[in-house]
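The structure appears right after this line, and notes come after that.
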Amino acid sequence: MPASRLSRTPLPGIGYRYDLTTREQRQLSVVAHRDGGRTLSAYRADDPDACDLSLKLTSGEAAYLIDALTPSHHSPNLLHTTDLGLVAERIEVPGTSIWNGRLLGETKMRTDTGASIVAVLRRADAIPSPTPDFRLAGGDTVIVIGTREGVDAAATILGRE
């Protein structure tokens with residue numbers, strides 16, 4: 001039986017769409033909205049272009065579903081940021097961004113948005129707690145934590161051309 005496949009497609013201004021083809025060749029998709037909500041869709045086995053089921057979930061409902069799907073990750077020490085009014089999000093630095101090749105400190109991210117960059121993912125490497133002299137590169141994915149408004153503002157800053 002073929003292996004499962006997952007692909008990710010950016011949806012500018014919306015979030016990301018994740019498409020999963022299961023081992024049984026069933027098609028599922030999740031649209032991860034920037035506000036934390038999710039739209040879960042399942043497609044017909046006989047027609048992968050026909051949606052059989054579509055559910056819109058709030059960020060809280062999505063968090064409950066994630067917890068149900070990954071109970072092995074449940075730990076009383078895990079921080080559930082949505083319970084605190086915070087969000088954590090991955091934001092890609094486009095190659096066309098004015099910040100491509102510039103120092104993280106030059107963005108004034110925390111000062112201007114209140115959001116913090118807690119890590120940068122570059123190719124197969126993770127750089128935790130990058131310092132202000134860290135040089136950003138197009139294609140980097142930054143992990144930002146803050147309020148919804150702060151994270152949205154950070155995405156706007158990082159996307160500037």
Side-chain angles (χ1 to χ4, degrees), residues 5-20 28-42 53-161:
R5 291 188 325 271
L6 180 69
S7 64
R8 180 178 89 155
T9 306
L11 302 174
I14 296 170
Y16 287 92
R17 176 179 166 150
Y18 297 89
D19 292 299
L20 174 68
L28 301 172
S29 74
V30 175
V31 174
H33 300 272
R34 295 183 58 99
D35 67 359
R38 300 290 188 263
T39 302
L40 173 65
S41 300
L53 171 72
S54 184
L55 298 171
K56 291 185 179 187
L57 304 172
T58 66
S59 60
E61 292 166 337
Y64 289 137
L65 183 57
I66 290 166
D67 190 49
L69 292 171
T70 57
S72 62
H73 293 120
H74 183 62
S75 165
N77 295 327
L78 279 179
L79 175 63
H80 295 280
T81 56
T82 53
D83 296 341
L84 303 171
L86 299 173
V87 294
E89 191 167 300
R90 295 173 184 230
I91 301 171
E92 187 170 335
V93 178
T96 57
S97 173
I98 64 170
W99 305 111
N100 184 3
R102 294 182 57 193
L103 300 178
L104 177 60
E106 293 179 295
T107 67
K108 299 183 184 174
M109 188 71 62
R110 185 185 284 173
T111 302
D112 291 349
T113 69
S116 297
I117 295 177
V118 297
V120 176
L121 308 177
R122 180 176 288 164
R123 293 185 230 33
D125 296 324
I127 299 96
S129 303
T131 60
D133 62 346
F134 178 82
R135 194 165 299 279
L136 293 167
D140 283 351
T141 299
V142 296
I143 309 299
V144 181
I145 189 167
T147 63
R148 172 81 268 151
E149 297 80 15
V151 171
D152 286 345
T156 299
I157 289 170
L158 290 169
R160 286 188 187 140
E161 294 183 8

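Closest non-hydrogen pair, R148 versus E89, comes out as NH2-OE1, 2.7 Å. Closest of all the heavy-atom pairs between Y16 and P10 is CD2-CA, 3.4 Å. Shown here for V151 and R34, the closest heavy-atom pair between the two residues is O-NH2, 4.1 Å. For L136 against L158, the heavy-atom pair with the smallest separation is CD1-CD2, 4.2 Å. The minimum heavy-atom distance linking G36 with A62 is given by the pair O-CB, 4.3 Å. Across all non-hydrogen atoms, the minimal contact from S54 to S41 is OG-OG, 3.4 Å.
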(request) Evaluate the side-chain contact (heavy atoms from CB on, under 4.5 Å) criterion for residues I157 and K108: first the C-alpha distance (whole Å), next the side-chain angles of each, then the deciding distance (0.1 Å), finally the verdict. (result) CA-CA 9 Å; I157 289 170; K108 299 183 184 174; over 6 Å; no
(request) Assess whether side-chain contact (heavy atoms from CB on, under 4.5 Å) is satisfied between T113 and V144, documenting all intermediate values. (result) CA-CA 11 Å; T113 69; V144 181; over 6 Å; no
(message) Between V120 and V93, is the side-chain contact (heavy atoms from CB on, under 4.5 Å) condition met? List the steps.
(response) CA-CA 10 Å; V120 176; V93 178; over 6 Å; no
(request) For side-chain contact (heavy atoms from CB on, under 4.5 Å), just list the numbers for I14 and H33, CA-CA rounded to whole Å, side-chain angles, deciding distance to a tenth of an Å, and then say yes or no. (result) CA-CA 5 Å; I14 296 170; H33 300 272; 3.7 Å; yes
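Residues that satisfy the salt bridge (charged side-chain N to carboxylate O under 4.0 Å, His left out) test with R38, not counting sequence neighbours, are absent from this structure. With sequence neighbours left out, the salt bridge (charged side-chain N to carboxylate O under 4.0 Å, His left out) criterion links R8 to E92. By the salt bridge (charged side-chain N to carboxylate O under 4.0 Å, His left out) test, R17 pairs with D19, sequence neighbours left out. For D35, the salt bridge (charged side-chain N to carboxylate O under 4.0 Å, His left out) criterion is met by no residue, not counting sequence neighbours.
Counting only residues at least two apart or on different chains, the side chain to side chain donor-acceptor pair (under 3.5 Å) pairs with a member in residues 115-137 are R110-S116, R122-D140, T131-D133. Within the structure, every pair that satisfies the side chain to side chain donor-acceptor pair (under 3.5 Å) test and touches residues 96-106, not counting sequence neighbours, is listed here: T96-E161.
Going from atom CG of L57 over to atom CG of L55 covers 6.0 Å, rounded to the nearest 0.5 Å. In this structure, OG in S7 is found 9.0 Å from CG in L20, a value given to the nearest 0.5 Å. Atom CG of L40 and atom CD of E61 lie 11.5 Å apart (nearest 0.5 Å). Summarising the geometry, atom OG1 belonging to T147 is positioned 7.5 Å from atom CG belonging to L86; distances are rounded to the nearest 0.5 Å.
The side-chain contact (heavy atoms from CB on, under 4.5 Å) with I143 is formed by just one residue from the set I117, L121, I127; it is L121.
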